[in-house]
Each structure stands twice: as C-alpha cells, then as structure tokens.
Amino acid sequence: MEGKVGVFICHCGGNISDYVDVEKVKEAISGLPGVVVSTTTMFACSDAAQQEIIDSIEDEGLDGIVVASCSPKLHLHTFRGVAARAGLNPYRYVHVNIREQCSWAHRKDRDAATEKAVALIRAGVARALRSESLERFRVETRPSVLVVGAGISGLRSALALSEMGLSVTIVEREEEPGGFFRKVRNAYPGGLDGREVVDSLLSEVAARENITLFTGAQVVEKKGTVGDFQVKIRVSDGSTVTLLVGAVLLATGFEPYEPAPGEFGFGHPRVVRLPEFLELLDGGRGMSLLKDGDTVAFIYCVGSRGTKGCEEARPGDYCSRYCCGAAVHTACRLAEVFPGVSQYHLFRDMRTYGKLEALYEEASREGAVFLRFPGDSPPAVVPDGERLLVRSKDTLLGGEEVEIAADLVVLVTGMVPRENSGLVEVFKVPVGRDGFFNEVHPKLRPVETVIDGVFIVGAGQGPKTAQEAVASALAGSAKCASLLLKGYVELEPFVAEVDRDLCEWCGECEKVCPYGAIRQVHCEGKEVAEIVPALCKGGGSCVPACPKGAIDLAGFRDSQIRAMIDALAGGGA
Amino acid sequence: MTSRVDPKVKEEVQRFGARDLSLCFNCGTCTATCPLSAEGPSFPRKIIHLLQVGLREELLSSPEPWLCYYCGECSTSCPREANPGETMMSARRWLIASYDCTGISRKIYTSRVWEWGLIAAASLLVVLLFAIFHGPIVTDRVALNTFAPVEWISLADHVAALFALSILGTNALRMARSILGKNGVSPLAFVRALPVFFVNLFTQKRWKECGESQREWILHLLLVASYVGMMVIIIFFLSWFQTDEIHPFFHPQRLVGYAIAAIMMVVPILFMRGRVRRDKEIHRFSHPTDWTFLILLFLIALTGILVHVFRISGMPEATYAAYVIHLAVDAPWVLVIVPFGKWTHIVYRPFALYLLAVKEYSLREAVEGQPETA
Ligand code: HEM
Ligand code: SF4
Ligand code: SF4
Ligand code: SF4
Ligand code: SF4
C-alpha cells in the first residue's frame, strides 16, 4: 500500500504508560511499512501535542494518522479536527483505544497489555493506509415540526417553536386537547385552574397562523429522516394526511396508575384515586361524599416504587415524583373544605422536594396525621360494612400495626406512560422497562432520542410536575429549533454503496435494512438496489446479506476490515 | 396486636393543656435527651406519636407519662419547640380523666365551671352541715371541741377519706388492668413489687435523676413529708391534735403543727411564684387545675394556722368561724381534688412504677421457671 502514516502514542499522563510500555510500542510500530512517524506524547489532546501532530502532518506530508489514546467517545472528534486543521481529510484519521482496552483492562499484565497495544495499533495503521477521503453530506431541513400530544407540554412546545419561526402541526389523540392538566382545578402554587391555563394556551395556538391542531387524530406512518420526515396521520374523519416535517416532538404525557382490581380496595365505591378525589373535592361534589367527623385515609406510592397492593398489581419501580406533593396539597385543600374531617396519610417516604416542603408543613399544621409504612409491607384495605379498615405498620412505633376505620380511602396513584405502542412502532424510539421514552443521556441529552430529529418532552419521558414538564418542553423546542433553523443537517459519510454491475436486485438487502434506506430503481436496463444516503445509518446489515457481494460500506470497507484482521492476527500492515 | 386509631384523641388531649401536637415531627431528640428514658420504656416521643395518631388503647396502657418527672430537658432540646414536657404533663391529666370511671375528672379538667362548681358545692356542704349540726357556741372561752366535737369531725373525715379511697382504688384498678394487659402476671410478683410502691410514694427518688437541679425535688419532698405527716395526724390522731388545751410552745403537738403549716404554706408559695415567673420548664405552662391544687393546699395550711392563732389568742367566735372556713377548704380537697384532681398523682405515679415492677418480676419468674418446667 502506498501512503505515509504518522502514529502518535499517548501516555495519558500515566494512565496508559503505567501499564503499557509505550516506548516499546513505539519501537514496534516504527518499523512497519508506511509508518513514517512513530512517536509518544504525554497528553495527545493537549494544545501543544495537537499542534505537534498538525506540524508533522504538514512537514511529512502524511496521508493518514493514527492516535493511540483513550476511547473514541472522548476524543474522536478532537483528532478529526486536528486532521482537518492540518488540511488532511478528517476521515483519514484512525482512532485506537489503548487506554480502556489495554492499560485499564490489563493492569496486572504489562507485557500482554503492551503486546495488545501493538496489535491494535498495527490494525489501526492498516486501516489508515487504506482510508479514503470522505465528505459529510448535507440534508436540507424543513422548517416545520410535528408535535404529538396537545397537553400542557405539547401546547407550550408548539408556541415556543412557532415563536422561533417554525411551523407546527399538533396531533392529539383525544377529542379534547389539554391532557391531564386540563382536569386540574387547583394547581400548586397559586391555585391555578388547569382549564384556564389550557384555554389560554389554546387561544394562543388558534391565533398563530403557523400552528395547526388536529384532535382525534393519530400518527400511522413515518418515512424519511432527520430534516425531512413524511408522517402520515389519520384525522378524525378517517382520512389520512401526510405531513412534511423536519423534526418530531413527542409530548404524549402520562396517565394516573390504574390499580389492579382489589389493589388497596380499588373497586370499592369508597376507594378513589387521587385525581378523581380532587375532581370531587374541587368540583364541590365532595360534599355528598364526606361529612364532619368522617375519616379519610390516603395511601401513598400506589403504582410507584414497586409498591404492590396485591399479587396482580404491576407498579412501576420508579418514584412518580409529583404524588407526595399532590397529596399534601390535597390535604391542605381538604382541611379547608372540610375542617371537621380527620386525615391519615400513610406514606413510605415523604418526597416533597423543593418548594413543596412548605405544603407538607402546612398539611401537618392543618392536622393531617402522617404515618410511615415500611416499603416491603404496604397497608391493607379491608371493607367493613359502610367503612373501610386500613391496616398499616407504623415504623415510628417499631412496626406495630395500627388500624384506621376510614370513610374514604384515597389512593395516591403515580404516573404511568400513556399507551403508546403504535407510536413507538412508527417512530422506533426506544422505551425503557418502565414504558417511558428513553433519552440519549439522562443528564446531558435529556430530550433527545437515538433517532435523529425525534425529541421527547414532558411526562412521556418520565414522571414530572407540570412545571418540570413545561421546562422540558421548552428545552425540547430549543433543541428542535437549533436543529432546524440552520436549514440543513450534516450526516456522517458512512453509508452503503451498491455496485450496480454486480447487483441483480434480489431484494435481500432491502429486507434486512432496519431504516428502510434501500429502494429498487431501474438503471441502464436492469433493476438494481439504491441506497438513500440520508436514511442509511451505516449499520451494515445489508453488506453480508447480499449474495453477490455488491454492497460495501464507505469508511468500513471489506478490504479495510480484512487488512485490520490480518494486522491483528500478526500479519503485515 | 392491631390498635384502632381514634382521631378525636388529639383534640381531646389538647383540651387538657397540650400545645400544638402537630408541631412534633418525631425526630426523637427529646427521647435522646430525657434523663429518665434511658432504658426500658421510651418517652416522650413515643407518647407524642400515640397522641398524634390517636391510639387510645395504647395510651391507656402506657405507664410512660407517669415515669416523666417534668425536668423539661426535652422541651429545651426540641428543635420544633413542640414542648414535649408539657405534652407529657397533659397526657397525665388526660390519663387521670380517662382512668376515672365517674367522668367527673374529665369535667373538672375541661371546664372551669364544673371545677369551681364542685369545689363550691363541697364548701357549701360543710357550711350547711355546721349551720344545722354545730354544737353549743361557748363565747366566754374557746371551746372548739364543744362547737365541733372531735368524734363527729373524725367520723366525717373517715367517711370522706373512704369515699376518696374507693374512687381512687377503683380507678387505680382500671389503670392496672390497662397496663398489665392480658399477659399472665404471677401473684407472687404483686407482693415482691410492693416495696417499689412505698419507696417511690415516700421518696420520689426518680426525681433526683431528672434534670440538673434537685431543688424542685427537695422542696417537693419537704412538702410530701409534711403532707403525709398531716394526713397521719388527721386520720389517726385527730383527738391529739384538735384539743382545747393550750400546750406550752415546745410541746410536740405545737412544734409539729407549726412545721407542717410553714412548709405547706411556703412550698406552694414558691411553686406559685415559679408559675407566675415561668422561670423553669416545669412552671412554664399552667393548667387551671395546677393553680387550684396549689391554692387549695396553701389555703388549707393558712386557715388551719388561723384557727390555731385565734384559739391561743382566746378569741372564741373567730376560732369557730375560722374552723368552719378551714373545713370548707378541706372538704373540696378530700371530696374533689383527692379522688378526681391532681392529687391522684400521689397514687398513680408510684403505682405505675409498681405495675412495671410487677411485670418485670413476672417476666423474670417466667424465665427462671422455664428450665424446671421444660
Ligand atoms: C404525698 C403527697 C404529695 C404532695 C402533697 C404532692 C404535691 C405536689 C405539688 C403541690 C405539685 C405541684 C408542683 C408545682 O406546681 O410546681 C406536685 C408535682 C409533682 N409531684 Fe407531687 N406530691 C405528692 C406526692 C408525690 C409522689 C408520691 C410523687 C412521685 C412518685 C410525686 C411526683 C410529683 C412530680 C413529678 C411533680 C411535677 C410534675 C407534676 O406536676 O405532675 N408527688 N406534687
Ligand atoms: S412522590 Fe411520593 S408518593 Fe409519589 S412515588 Fe414518590 S415517594 Fe411515592
Ligand atoms: S442484495 Fe445485493 S444483489 Fe441483491 S439487491 Fe441488494 S445489492 Fe443487489
Ligand atoms: S417533641 Fe420535639 S424533640 Fe421530641 S420528637 Fe417531637 S420534634 Fe423531636
Ligand atoms: S420532662 Fe424530663 S423526664 Fe419528662 S420526658 Fe421530658 S426530659 Fe424526660
């Protein structure tokens, strides 16, 4: 192979050199054919070391470089940038990980670690010698967004996106927009009426020319890729509409946990979930349900934190975050409406974080009694004539059992994701074990999914208060806008290529491609496969599927991989 | 065992003086600082929690309130200023009312009208009895035993004491039944534990461990000594004490009388001064019945000494009048305060310790007896 390769071996302070004999590695590599530079460096990522690499690319006229250092997750882009600054195509840079894969993995065996490092770098050199210059390609983006869900998160997102000049289509499954928050009569703080909040959002939405709202509508199909999605929706009259959008925001929200029949007495007319109890209380209908001298027992963590009220129960393992706060807020409301009603709150842990703590304080001032039950032994609810007997262990009495004769039992139910299987199917977004959408990174990329251009906001991503849901909605909108407002997206050039001479269109590749990136075209008198670069993720499923060996993957060509395997196995570079 | 909650307990006990029960967040600092809750029964946190939750049966069977001697260290250390010491005090008042089978205790603890109404009724009874049954009024010399023959007075004393004792005994039995529960108690343990009752009745020795200063304990002990002395005299030696004869100053009858009267006036005054100044935790909060108790105690001594002063000064009418007043103060004491009021602590405190000892002896017997039966 022609070409000149430079190899830079990093000490990583001592992270690598303490366990790998980098000098020996350098010696072993320097003799390889094509290697014109083999050197070690204390910190390859330091500014000075980067400059040295640039200098040697320019001075030696290198055609490819290898940096043997840490994980590519950390510095792949750093060194691609170094290559670019030196005028070398960034895809002629090869990253070799000798820290995680050698020094850290084989601390106890310096010789073996060193030997492995040599082998890995040899493979890297083999690949660098065969590397080709590739260009990222651009996809034009459409300045429009599909928002799925017209709850408080979806509506707020739509307005934010519209303010940034993007046109928005909102698709809501229910006939009436507003989601869960519409039903809230008295939100904390400030006693906001959810219906008023939703109505004001809706009138804003109606006033915006660049927002369209479909209710009673459902997404049925998605095609295309980031920047250019074609999404088919079925609207209320049964017809379908195809939307052309640059990005999709999923704001599907949650629903209150539905206890299993009999779980904590559920099904008994005097056992209600918190949302329904609030509807009764705020709607003034609690009057018929309660009278002075009655006792209400609240049971917390129903449907959350693995709290099982019966064998058939399927609670989430997570904490639903909002329910402790909602329950103590309800306690204050109940004390206001029914000062003569006694309240017992059976909780597992009081998670009234942040400003909600003030409500907990207020609730106990108002006379609500708080009893902590052990997580592995939740209360039991037994009907007893008109009343219900709630038996619970009291951790503050060393686990002794107490019994409350309640006139009403309120189940403080947590949040579960909406039934979204159709949507998940269409958008291929990953969901966690708990059924909520999964973000790419729980801390650093909380509103993005692994599907480029598809974002998740609000309680569909995980339990959130209204405030937190809106914060995430605005974050998602900003992410979305920063993607679309540039007008284009740049994609990695690792896409499959079909050799039209070899291809006979058997369709095997189309069958295996999970991204629908392959289509059949007519070309020079025969049917062949064609790759749509914007859809191809470079996953390579099609390569081995082709019986004719007609497909190759740019950046990961068979020839490159074979050469690497040979180099690893001890053959020449 | 499952105990049923009763939401009314919280409000109820607040009528007995408990401050805001919702303040306590059960951190347990108070129990950690309480010098008397070192081992065995744990308080005051647990009692506050029982009150908050409303576990009536558990409370009735808890001896803990009687083990607290109100040093107030818990109240000083409570981060929520929930006044656990006063909560324990209120729990005791509530317990007194709850043990009482007649319901009168509850009335006098929760209603000023009932409290003073009953006191006035008892006084009036004395005045009435004297109006109808008094002996000849000799005016040329002091003849108290002619005006109020000592055998009659003694008989009335004994009837009143028997009345108080039967009420107290019944209520103490109710207390015993609650505290001992259904667990088997060995009959021998009832006997073996008796010294605990008497030692604590006469010495209040646990008070010594309670708090840094022993001042309250010593004052109280002086008071106990004089009160017990006076009771013994009245019940068993009234004819020695109530004579028309004027003994010389150094006669034991006069010396004992002066000492008892002095202590029974000075100590209540010191306690009352404390309650006005609120300078110690034990005196920071005063329930009306706390005042009644001290005032009547002081008045008993004061009117008693007045009778004596008038008698040795040779003032017959004043002596007789003072004597009627003295008995009009004594009667509410014996008929109201002793069986239904704060006086009951004299029985319940040592009795609670006795019951605990009974339980412990029984347990020990059961353990010791095991190898033989096995
Ligand atoms: C035998 C006659 C007794 C008399 C005349 C007597 C009198 C009093 C008085 C006047 C007070 C109120 C103090 C104040 O207001 O500051 C008091 C409180 C107290 N007494 Fe007694 N007592 C007697 C027996 C006992 C016994 C046998 C015990 C314990 C075993 C006891 C323990 C206490 C305690 C701990 C207090 C303070 C807390 C409270 O007020 O409940 N006393 N006593
Ligand atoms: S917020 Fe409270 S009630 Fe809700 S799941 Fe978490 S701990 Fe349980
Ligand atoms: S598998 Fe190969 S031969 Fe078949 S259509 Fe795809 S590229 Fe052509
Ligand atoms: S009374 Fe005070 S110190 Fe005791 S548990 Fe309650 S808050 Fe804590
Ligand atoms: S007042 Fe003293 S003895 Fe009573 S509970 Fe408090 S610390 Fe303990």
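Here is the naming used below: chain letters follow the sequence lines, and residue numbers restart at 1 for every chain.
- At a 4.5 Å heavy-atom cutoff, the contact between A:Leu396 and chain B is made by backbone and side-chain atoms alike.
- If you take CG on A:Leu397 and NZ on B:Lys46, they are separated by 7.0 Å, rounding to the nearest 0.5 Å.
- Looking at B:Leu21, there are no atoms closer than 4.5 Å to chain A (heavy atoms on both sides), in backbone or side chain.
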Pair B:Ser3-A:Glu403, side chain to side chain contact (heavy atoms under 4.5 Å, CB included): steps then yes or no: CA-CA 6 Å; B:Ser3 340; A:Glu403 180 177 87; over 6 Å; no

Intermediate values then yes/no, side chain to side chain contact (heavy atoms under 4.5 Å, CB included), A:Arg365 and B:Leu23: CA-CA 7 Å; A:Arg365 290 289 165 113; B:Leu23 282 173; 3.1 Å; yes

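- A donor-acceptor contact closer than 3.5 angstrom links the side chains of B:Thr2 and A:Glu401.
- Put simply, of B:Lys8, B:Arg4, B:Arg45, B:Gln52, the one with the most heavy-atom pairs under 4.5 Å next to chain A is B:Arg4.
- The candidate with the highest count of non-hydrogen atom pairs below 4.5 Å against chain A, out of B:Leu55, B:Val53, B:Asn26, is B:Val53.
- Close approach to chain A, defined as a heavy atom under 4.5 Å from one of its heavy atoms, is seen in no residue of residues 86-111 of chain B.
- For chain B, no part of A:Gln343 is nearby; none of its heavy atoms comes within less than 4.5 Å.
- Between the CD atom of A:Glu361 and the CZ atom of B:Phe25 there is a distance of 8.5 Å, given to the nearest 0.5 Å.
- Of the two parts of A:Arg391, only the side chain, counted from C-beta on, holds a non-hydrogen atom closer than 4.5 Å to a non-hydrogen atom of chain B.
- The environment of CZ in B:Arg15 is sparse: at most 12 heavy-atom neighbours from other residues, nucleotides or ligands sit within 6.0 Å.
- In plain terms, the two heavy atoms of B:Ser22 and A:Ser364 that are nearest each other are CB-O, 2.9 Å.
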